[in-house]
Amino acid sequence: MVRIILAIVVIVLSGYSLITQTLELMPYYVFFLGALMLVTGLAELQKDRKGFWGYMNIAISLFIFFTSIFLCS
C-alpha cells in the first residue's frame, strides 16, 4: 500500500513538472523516488529473498537521497 501511494506521488509530481516545464518540484519527487526505492528494497528483504536486488534497491535509494539533498541546496 505504501509503495502504491509513493508511486502515485512520484508520477503526479513528475507529470506536473513535465507538463508545466518547471523544475522547482524536482527535489521533492527525487526524494519520493528514493523513498519508493527504499520501501521496495525493504519489501524484497522481508520476503526472505536476501538476493542482490533487495540490497541494490537500498543502495540506490541512499544514492537518490544523497542526490536530493544536494538538489535542495
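Just so it is clear, the structure is predicted and the values come from calculations on it, not from any experiment. Just so you know, these numbers use all the heavy atoms, side chains as well, and skip hydrogens, waters and symmetry mates.
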Cut-off 3.5 Å, no hydrogens considered: what does the side-chain donor-acceptor table look like for residues 1-8, sequence neighbours left out?
none

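- The CG atom of L23 sits 10.0 Å away from the CG atom of L18 when rounded to the nearest 0.5 Å.
- Under a cut-off of 6.0 angstrom, the local environment of CZ in F31 is sparse, with at most 12 non-hydrogen atoms contributed by other residues, nucleotides or ligands.
- Closest heavy-atom contact between S61 and G34: CB-O, 3.2 Å.
- Here the shortest heavy-atom pairing between P27 and S68 reads O-CB, 4.0 Å.
- Taking 4.5 Å as the limit, every side-chain heavy atom of N57 sits out of range of all side-chain heavy atoms of L38.
- Separation of the F32 and Y28 ring centroids does not fall under the 6.0 Å cut-off.
- To the nearest 0.5 angstrom, I60 atom CD1 is 11.5 Å from T67 atom OG1.
- Counting only heavy atoms from C-beta outward, the side chains of T20 and L25 never approach each other to under 4.5 Å.
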Between side-chain atoms of residues 9-16 and protein atoms elsewhere (two or more places apart, or another chain), which donor-acceptor pairs fall under 3.5 Å?
residue : atom : partner : partner atom : Å
S14     : OG   : V10     : O            : 2.8
S14     : OG   : I11     : O            : 3.2

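- Hydrophobic cluster membership for F63: none, as no Ile, Leu, Val, Met, Phe, Trp or Tyr side chain comes under 4.5 Å of it.
- Judged by distance alone, the side chain of T22 and the main-chain N or O of S17 form no donor-acceptor pair under 3.5 Å.
- Atom CZ of F52 is separated from atom CD of E44 by 12.5 Å, given to the nearest 0.5 angstrom.
- Taking OG1 from T40 and CH2 from W53, the interatomic distance works out to 13.0 Å, rounded to the nearest 0.5 Å.
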